[in-house]
2 protein chains.
Amino acid sequence: MPETVVLDATRATTISQILVEVVSASNRLTRVAARRTGNTESPALLRTLSTLIASGPMRIGELAVESRVAQPTMTKLVRTLGEREWVRRIADTADARAWQIAVTKKGERALEEWRESMGAALLPVFADLSDEEADVLARAAAILHARIAGEIGSAASVTGPASSVVEEGAAR
Amino acid sequence: MPETVVLDATRATTISQILVEVVSASNRLTRVAARRTGNTESPALLRTLSTLIASGPMRIGELAVESRVAQPTMTKLVRTLGEREWVRRIADTADARAWQIAVTKKGERALEEWRESMGAALLPVFADLSDEEADVLARAAAILHARIAGEIGSAASVTGPASSVVEEGAAR
DNA sequence: GAATATGCATAGCTGTGCTATATAATTGAC
DNA sequence: GTCAATTATATAGCACAGCTATGCATATTC
């Protein structure tokens, strides 16, 4: 196995190029999806919801890290989500500065409806995928999800049990 | 092969779900990429550039369709691209209302640099992909690109030869 | 040549993202 | 136990990408 360094450099280049193609394809797919669904749904809100559903209630700061946005951005998103009653804020008994953010039933339904409408909107473009192509897409999504989930050292999902049930507005 | 209808419905559901997973993964990947690159580059500008490079000079309206944005959005993007000297506007001799938008060398370089920095930024997260995983991602990107390109009836790339070489600001 | 259609620009809004900074609570040092 | 430093969220204010509605100029059609 000679010239390992050269081989590795080549391989890194190849992987980089593939990643760029994936990002580029993602970028376009996002636009196609936005236009076909009529653009009424917000990716950021749904991303936040699905993070919460996947990992359970967590603090705003943790949510910001998981969702890859700055903390003030997440504060805004959580406010909007709260106004729609898709999440509720639960006081954190261990730290009066913090809140646990939890998805409501309504929020779960909203995400589910979004997934249905997104699937329906994109289906016509992809309906005649071969089984093999469909499999490739499914595996690619799984690979991306796994890598992205693993990208953060630890984060979240460690917070769960410490929260109380005091709703916002109640005496603290 | 009995119950074709039921089977097809099931298959449609499966494909829909896969597509939703792909969109969801894309959405997250976009955020990871934005954060890791330091977020200085704008996806919309680069999407426009790469469309122009792939399909050659075209009108603002065509570019809007290809890039899946509304026409006023594209007008703004083209203005920004022009200010950066990444594109130039060429008068369309066949129609005085229209412009042909063409990428400059500077624009090509900007896209190339973006691709390099994006690849470098994401590589650490994906460096230890197996050859097989890398292949799955590459094929998924190709499938998405092909479908998205095919989604529009015809559009663009039919416009090329009709344009002149009169630069903006020159007598029209 | 007047009416209609088309291509682009402008105005003005919303939402998502950012940084810098404020406020309040917690933690740590002494 | 109090004061300083740190931490969690909120607020302010900005930029940009997206949209719809609409205006303006040029083409096209009858």
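Naming: A, B, ... by sequence-line order, numbering from 1 per chain.
- In this structure, Thr37(B) contributes its side chain and Ala34(B) its backbone to a donor-acceptor pair below 3.5 Å.
- If you find the closest nucleotide of DNA chain C to Lys76(B) and to Gly61(B), the one lying nearer the 5' end belongs to Gly61(B).
- Residues satisfying the side-chain contact (heavy atoms from CB on, under 4.5 Å) test with Glu108(A), not counting sequence neighbours, are Ile53(A), Val103(A), Lys105(A).
- Mapping Leu77(A) and Met74(B) onto DNA chain C by nearest heavy atom places Met74(B) at the nucleotide closer to the 5' end.
- Checked by atom type and distance alone, the side chain of Arg31(A) pairs as donor or acceptor with a backbone atom of Arg68(B) at under 3.5 Å.
- To the nearest angstrom, P of dC19(D) lies 15 Å from CZ of Arg36(A).
- Taking Glu85(A) as the reference, Lys106(A) meet the side-chain hydrogen bond (donor to acceptor under 3.5 Å, both in side chains) condition, with sequence neighbours excluded.
- Atom-to-atom, CZ of Arg84(A) to C1' of dT14(C) comes out at 11 Å; the value is rounded to the nearest Å.
- Atom pair Arg79(B):CZ and dA15(D):P shows a separation of 13 Å (rounding to whole Å applied).
- One atom, CD of Glu83(A), and another, P of dA10(D), lie 13 Å apart when rounded to the nearest Å.
- Looking at residues two or more places apart in sequence or on another chain, you find a salt bridge (Lys or Arg N to Asp or Glu O under 4.0 Å) between Arg36(B) and Glu151(A).
- Applying the salt bridge (Lys or Arg N to Asp or Glu O under 4.0 Å) test to Arg35(B) and every residue at least two apart in sequence or in another chain returns nothing.
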Under 3.5 Å, side-chain donor or acceptor atoms of residues 17-24 of chain A against the rest of the protein: list the pairs with distances, not counting sequence neighbours.
{"residue": "Glu21(A)", "atom": "OE2", "partner": "Arg115(B)", "partner atom": "NH2", "Å": "2.4"}
{"residue": "Ser24(A)", "atom": "OG", "partner": "His145(B)", "partner atom": "NE2", "Å": "3.3"}

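- Within 4.0 Å of Ile101(A), counting heavy atoms only, lies no atom of the nucleic acid at all.
- Nucleic acid contact for Ser42(B): sugar-phosphate only, since backbone atoms but no base atoms lie under 4.0 Å from a heavy atom of the residue.
- Rounded to an integer number of Å, the gap from CG of Asp92(B) to P of dT6(C) is 17 Å.
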query: How does each nucleotide of nucleotides 20-30 of chain D score, in 5' to 3' order, for protein heavy atoms under 4.0 Å: base (B), sugar-phosphate only (S), or none (-)?
result: BB---BBS---
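- Rounded to whole Å, atom C1' of dT9(D) lies 13 Å from atom CG of Leu63(A).
- Per the geometry, CG belonging to Leu81(A) stands 12 Å off P belonging to dG15(C), to the nearest Å.
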